[in-house]
Amino acid sequence: MSDDPDRRALALLDGTRLDAATLPAFRDGALAAEAAGVTHTLRRYPGHPTVSLPRPRPRRLTALDATLLGRRSVRHLGARIPSAKTLGALLGLGFGVHETVGRGPTPSAGGLQSLSLYLAVLGDGWLAPGAWHYDREAHALAHLDAPTDPAVWRELLVSADQFVGGALLWILVGDGRAIGRKYGDRAARFLLLEAGHLMQNLCLLSHSLGLCTLPLGGVLDDRMARALTLLPTDRVLYAGVCGPPA
Ligand SMILES: Cc1cc2nc3c(=O)[nH]c(=O)nc-3n(C[C@H](O)[C@H](O)[C@H](O)COP(=O)(O)O)c2cc1C
């Protein structure tokens, strides 16, 4: 690894560059994975208590342009959990399944649907404390066996002192198994890109629904993974605190 800090910052990317030398193995790996039937899966938590969410109805008069221009990270957030209708709209429009094979608003490398979205309750309202998994297929939340004290979740955020309040904490998780088999060393890059797509959906939809999502890259990764009882092949990629601007 380079001693130059500017170059070291790019090690993740440089180590997974595609060029004439690396392209054949990359292409062969992807084709072999397809031939072996590596396909998408949508994570579910059968047997866990669930809450169904109202299906979103597309709002025909909501201009994307105004949403794009208006989105900003707000650092004073209210603690009121968005209503079931608002949360249903946010999750369904941002990360729901609207077609076969798990396809929806968030692009997915190889269509493998490697991302999972969790949320932890930071504020007050109708949702029971603790952590929930968004079941994309059922458009429902599954309650997990996880810490219920919001302080535990806040402790896992490096910059918890740089914002006030918040109702929900989004936690974006990548499953490395299928994508790793298909894309090898480039898989981590793809997971991060995919998480960026999802986070932008959450940021824009939050703004258009009268909320704000402040994205947070500073997360204590392994402790967060343990709090959610993630698989050893999962990685926490990104988090975001969401609430009404105060
Ligand atoms: C990849 C990424 C990671 C970020 N991580 C943090 C973070 O850990 N803590 C924080 O307070 N803000 C974080 N932010 C929010 C930025 O500070 C914020 O987007 C920036 O100040 C620009 O403000 P704006 O979002 O209003 O345009 C992050 C943003 C991005 C894109």
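Just follow the structure's listing: the first ligand is 1, and inside any ligand the first atom is 1. Index from 1, following the sequence.
Contact annotation: Met199 has no heavy atom less than 4.0 Å from any atom of ligand 1. Ligand 1 does not have Val158 within reach: every non-hydrogen atom of the residue lies 4.0 Å or more from it.
Among all protein heavy atoms, the one lying closest to atom 13 (C) of ligand 1 is Pro215 O, 3.0 Å. At the shortest separation from atom 7 (C) of ligand 1 among protein heavy atoms lies Ser159 OG, 3.4 Å. Closest to atom 21 (O) of ligand 1 among all protein heavy atoms lies Arg75 NH2, 3.9 Å.
The shortest N/O to N/O separation between Leu216 and ligand 1 does not fall below 3.5 Å. Polar contact check, Arg72 against ligand 1: no nitrogen or oxygen pair lies under 3.5 Å apart. The N/O atoms of Tyr238, backbone and side chain alike, include none that comes under 3.5 Å of an N/O atom in ligand 1. For the pair Leu214 and ligand 1, the shortest N or O to N or O distance does not fall below 3.5 Å.
No option in Leu220, Val219, Asp221 other than Leu220 meets the side chain to side chain contact (heavy atoms under 4.5 Å, CB included) test with Arg223.
Checking side-chain atoms of Thr22 against main-chain N and O of Arg17 turns up a donor-acceptor pair under 3.5 Å. Panel note: side chain Ser108, backbone Gln113; a donor-acceptor pair is recorded below 3.5 Å.
Counting only N and O atoms by type, the side chains of Thr106 and Asn201 include a donor and acceptor under 3.5 Å apart. A side-chain N or O of Arg59 and one of Ser208 form a donor-acceptor pair less than 3.5 Å apart.
With ligand atoms numbered from 1 in the order given, ligand 1 contributes 8 (O) to contacts under 4.0 Å with heavy atoms of Gly218. The ligand atoms of ligand 1 that sit less than 4.0 angstrom from a heavy atom of Gln162 are 11 (O).
In this structure the side chain of Leu87 reaches within 4.5 angstrom of the side chain of Leu141, judged on heavy atoms.
At a 4.0 Å heavy-atom cut-off, ligand 1 touches Ser73 through backbone and side chain alike.
Between Phe95 and Tyr134, the ring planes are tilted. Angles from 30° to 60° get that label.
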